[in-house]
Amino acid sequence: MAEQQTAAAGSDDKLVIKNIGLLLSGDLDRPVLDADSVVAVGGKITAVGRFAELDIGDAKTVIDAHGTVLAPGLIDSHVHPVAGDWTPRQNQLGWIDSTMHGGVTTMISAGEVHTPGRPRDIVGLKAMAVYAQRAFDAFRPNGVKIHAGAPVLEPGMTEADFKELAASGVRLLGEVGLGGVKDGVTAKQMVAWARKYGIQSTIHTGGPSIPGSGLIGADVVLEADTDVVGHLNGGHTALPDKEIRCICEGCRRGLELVHNGNERAALYTLRTAKELGQLERVILGTDGPAGSGVQPLGIVRMISMLSSLGDVPAEVAFCFATGNTARMRNLDCGLIEPGRAADFVFMDKAQHSAGKGFLDSIQLGDLPGIGMVVIDGIVRSGRSRNTPPAEKIPAVVK
Ligand SMILES: [Zn+2]
């Protein structure tokens, strides 16, 4: 069972990372930074630059990256947590800790819908959302940040319910369409109420995920106007290409692609976003745990798949799971820049990859080897137990 660690670095604990071989920023406009060192104080990045030019005195912890690749910790935009580090969906313990070994440091709930006996009455669903928000805020398996408490819309909810949820600390809606509200008119009204009180929304796009859920097509997606078009490549069943194109062209909302979806439809969506010159709308999730299990490497698999088959440079594909998501979701992580959370993943070319270097190995479709994960300035794991072994790994030298 994963260890509980809620503490961030002390308020002035200093972390210095040196000898970074390649620094991926998470920023689509400038995905590679000309720097070899990062300094963080109290769990926040304070400086990025060349080692000789930075103030590295009084460091509590020094990591020698040994020439490896540093990127912002990855963000999974679409998970379905239930309680602690347990999921009843495939009855597994430790799935969040295992996902951290896949480079994920932040997860966003698309609804705690797998909760056995989840309440569907309005009082009950509100209570469950508040409980989930509180519980996951307080319990972070190995430091992973889980933004949860995402109620699913049911008929009869009023503006007052959204006001009350927001006042109670709820910031997300679960996927529209997983509850009783499946029509565009009702969804549009409730999503607008949620937005008015600062609650972000997403929608279940495509065919039913499991027996009992329903189809949500382009007309409902566009009418509901959620902030994120959840799993536009289906979860699992994708819409026809013409409806996917209609959604891409018909709004400016986030285009979420998930591991549990249709891979061809994900590539079609990526191509369409590229044609539109709107790659900043593409964000990644797993939609796990789900019928296809938990996917500890789901996000890095999506990055490699989209880069290798979708003809996107690897450094750009990493932005889909970092800076793009952080900006769209208003998170303080996801970018290597001062003021952001000190959440990092260290990677290198997987041993025996045919790639000429790290980026080339991803573009050839191989997974990265993860050598270390840092969350809030604290080292959470060394060499990943899940990825192929990295050629080089960083070391804590102080
Ligand atoms: Zn869904």
Side-chain angles (χ1 to χ4, degrees), residues 75-82 87-90 95 99 107-116 118 120 125 128-129 132 146-154 172-184 186-187 190-191 194 199-240 243-244 247-248 251 253-266 268-269 282-295 298-299 302 325 328-329:
I75 305 168
D76 186 333
S77 173
H78 192 132
V79 295
H80 292 293
V82 165
T87 171
R89 196 70 187 82
Q90 302 296 343
W95 70 278
T99 303
M107 295 178 163
I108 297 166
S109 174
E112 296 78 36
V113 289
H114 302 156
T115 303
R118 80 172 155 106
R120 291 168 186 261
L125 73 87
M128 192 177 88
I146 303 137
H147 298 269
V152 173
L153 300 182
E154 292 291 349
L172 298 164
L173 287 188
E175 291 172 68
V176 173
L178 294 188
V181 174
K182 297 184 196 295
D183 68 289
T186 312
M190 293 186 181
V191 163
I199 298 174
Q200 210 180 53
S201 50
T202 185
I203 190 163
H204 172 96
T205 311
S209 50
I210 52 171
S213 67
L215 164 74
I216 301 282
D219 49 347
V220 176
V221 169
L222 289 173
E223 185 160 22
D225 192 30
T226 51
D227 298 295
V228 170
V229 180
H231 56 59
L232 182 46
N233 63 319
H236 307 260
T237 310
L239 295 174
E243 290 197 48
I244 292 177
I247 290 168
C248 291
C251 72
R253 303 295 186 188
L255 307 174
E256 186 186 73
L257 303 177
V258 300
H259 189 261
N260 266 328
N262 175 322
E263 295 184 1
R264 193 200 56 78
Y268 179 79
T269 305
V282 178
I283 61 174
L284 305 184
T286 54
D287 191 15
S292 28
V294 306
Q295 297 116 21
I299 296 296
M302 286 298 289
T325 323
M328 201 175 299
R329 301 289 203 166

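Numbering of ligands and ligand atoms starts at 1, following listing order.
- Here the side chains of Leu172 and Arg329 are in contact, with some heavy-atom distance below 4.5 Å.
- Partner of His231 under the side chain to side chain donor-acceptor pair (under 3.5 Å) criterion, chosen from His236, Glu175, Glu256: Glu175.
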Under the side-chain contact (heavy atoms from CB on, under 4.5 Å) rule, what do Arg253 and Thr226 come out as? Steps first, then yes or no, please.
CA-CA 7 Å; Arg253 303 295 186 188; Thr226 51; 5.9 Å; no

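- In this structure, a donor-acceptor pair under 3.5 Å is absent between the side chains of Thr269 and Asn233.
- Here the rule is side-chain contact (heavy atoms from CB on, under 4.5 Å) with Val176, and of Thr205, Val221, Val191, Val220 only Val191 fits it.
- The set of protein atoms (N, O or S) found at less than 2.8 Å from the Zn ion (ligand 1) reads Glu175 OE1, His204 ND1, His231 NE2, by chain and number.
- No hydrogens or angles considered: nothing links the side chains of His259 and Asp287 as a donor-acceptor pair under 3.5 Å.
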